[in-house]
*Asks:* 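Got a structure for you, written out below as structure tokens; questions coming shortly.
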Amino acid sequence: MEAMDASAPTHIAHRDNHTHRDVNGGWLRPAVFGAMDGLVSNLALMTGVAGGAVSQQTIIITGLAGLAAGAFSMAAGEYTSVASQRELVLAELDVERRELRKHPKDELEELAALYESRGVEPELAREVAKQLSKDPEQALEIHAREELGIDPSDLPSPMVAAVSSFGSFALGALLPVLPYLLGASQLWPAVLLALVGLFGCGAVVARVTARSWWFSGLRQLALGGAAAGVTYVLGALFGTAVG
């Protein structure tokens, strides 16, 4: 097998085409899934109520109540979850900071051993660890990345998570209510708009997956449609039983 020539120029085709998808999804994944959650849950809620042969006003109130309740629930859940995660990370960083201060030699050896385990020669691994450990904050960041798998300078914000979850859920939940707010008196325009939205969200998700846009869109449309259909039937059955 030929050794790689580090001095060789980068091939233009490789340089231009050697790119990867954003496997973490960035902001796109939570935003789209939040919108889909709002779409599916509110569509299912409204079709379930509509199946009980209630008035148009009742369906609108149900949809708006579902939007508000779901959005606030999502925001509160995300805030609590991210805040708890952040507090745990900060506590672990404090532990690591104390260890670096109390046992700097042991921590240096630990870092050197880690580089050795990845194939770096012992002397070089120790020298690299020594150079990187000169700055306490840099040492903390490196130990956090290597031992905890986190970036201390890029911790998630509970408020940002809460606001984005609230907004994306509310936007998705608004779609099935919108036709009624614009004067529709039947269920089918709300269902149609919601299904189009579900297909669109599924297609957008394809940007962070290996699936084609039409497959992702149809899959999400089928799942949302099934949820709406089941709740409509249940609403009709319950409405008949109660009535």
*Asks:* Quick one: does any side-chain atom of S41 pair with a main-chain N or O of D37 as donor and acceptor, under 3.5 Å?
*Replies:* yes
*Asks:* Could you tell me the separation between the CD atom of E110 and the NE2 atom of H103, rounded to the nearest 0.5 Å?
*Replies:* 11.0 Å
*Asks:* Give a yes or no on whether the backbone of V160 and the side-chain of S164 come within a donor-acceptor separation of less than 3.5 Å.
*Replies:* yes
*Asks:* With rounding to the nearest 0.5 Å, note down the distance linking CZ in R86 to CG in L88.
*Replies:* 12.5 Å
*Asks:* Rounded to the nearest 0.5 Å, how far apart are CZ of R219 and CG of L198?
*Replies:* 12.5 Å
*Asks:* Would you mind reporting whether V128 and Q131 have side-chain heavy atoms less than 4.5 Å apart?
*Replies:* no
*Asks:* Which heavy atom of A206 sits nearest to which heavy atom of S216, and what is that distance?
*Replies:* CB-OG, 3.8 Å
*Asks:* With clusters built from Ile, Leu, Val, Met, Phe, Trp and Tyr whose side-chain heavy atoms come within less than 4.5 Å, directly or transitively, what are the remaining members of the cluster of I61, listed by chain and number?
*Replies:* none
*Asks:* Ignoring hydrogens and geometry, is there a side-chain-to-backbone donor-acceptor pair from S117 to L114 under 3.5 Å?
*Replies:* yes
*Asks:* Are Y232 and V54 co-members of a hydrophobic cluster defined by side-chain heavy atoms under 4.5 Å apart?
*Replies:* yes
*Asks:* Any chance you could measure L221, atom CG, to C201, atom SG, to the nearest 0.5 Å?
*Replies:* 11.0 Å
*Asks:* Could you give the distance from CD (E116) to CG (L124), rounded to the nearest 0.5 Å?
*Replies:* 10.0 Å
*Asks:* What's in the same ILVMFWY side-chain cluster as F169, cut-off under 4.5 Å, chained through other members?
*Replies:* M74
*Asks:* Quick one: do L193 and V32 end up in the same hydrophobic cluster if we chain Ile, Leu, Val, Met, Phe, Trp and Tyr together by side-chain heavy atoms under 4.5 Å apart?
*Replies:* no
*Asks:* Which pair of non-hydrogen atoms, one from N42 and one from A173, has the smallest distance, and what is that distance?
*Replies:* ND2-O, 2.9 Å
*Asks:* Are L171 and V204 connected into the same hydrophobic cluster when the rule is that any two of I, L, V, M, F, W, Y join if their side-chain heavy atoms are below 4.5 Å apart?
*Replies:* no
*Asks:* If I compare all heavy atoms of L187 with all of Y180, which pair ends up nearest, and what's the gap?
*Replies:* CA-OH, 3.1 Å
*Asks:* Would a 4.5 Å heavy-atom cut-off, applied to side chains only, mark E137 and E141 as touching?
*Replies:* no
*Asks:* For P179 and L175, which heavy atoms make the closest approach, and how far apart are they?
*Replies:* CD-O, 3.1 Å
*Asks:* Tell me, which pairs form a ring-ring contact (aromatic ring centres under 6.0 Å, His included) where one or both residues lie in residues 55-101, sequence neighbours left out?
*Replies:* F72-F166
*Asks:* Given the rule that I, L, V, M, F, W and Y join up when any side-chain heavy atoms are under 4.5 Å apart, are L67 and L182 in one cluster?
*Replies:* yes
*Asks:* Would you find a donor on one side and an acceptor on the other, under 3.5 Å apart, between the side chain of Q138 and the backbone of L132?
*Replies:* yes
*Asks:* Looking at every non-hydrogen atom in both residues, tell me the closest pair between F199 and W214 and how far apart they are.
*Replies:* CE1-O, 4.0 Å
*Asks:* Report whether Y115 and L108 are members of the same hydrophobic cluster (ILVMFWY, side-chain heavy atoms less than 4.5 Å apart, transitive linking).
*Replies:* no
*Asks:* Specify the closest pair of heavy atoms between Q85 and P156, including all atoms of both residues, with the distance to one decimal.
*Replies:* OE1-CG, 4.3 Å
*Asks:* Measure from the side-chain N and O atoms of S168 to the backbone N and O of S165, and report whether any donor-acceptor pair falls under 3.5 Å.
*Replies:* yes
*Asks:* Atom CG of L192 and atom CD of Q186: how far apart are they, to the nearest 0.5 Å?
*Replies:* 12.5 Å
*Asks:* Are the side chains of P176 and L39 in contact, using a 4.5 Å heavy-atom criterion?
*Replies:* yes
*Asks:* Does any non-hydrogen side-chain atom of M46 lie less than 4.5 Å from one of T231?
*Replies:* no
*Asks:* Please test L155 against L90 for side-chain contact (heavy atoms from CB on, under 4.5 Å), starting from the C-alpha separation and ending with a verdict.
*Replies:* CA-CA 9 Å; L155 297 181; L90 291 175; 3.6 Å; yes
*Asks:* With side chains defined as the heavy atoms from C-beta onward, is the minimum distance between V40 and L223 less than 4.5 Å?
*Replies:* no
*Asks:* When you compare the side chain of I150 with that of L93, does any pair of heavy atoms fall below 4.5 Å?
*Replies:* yes
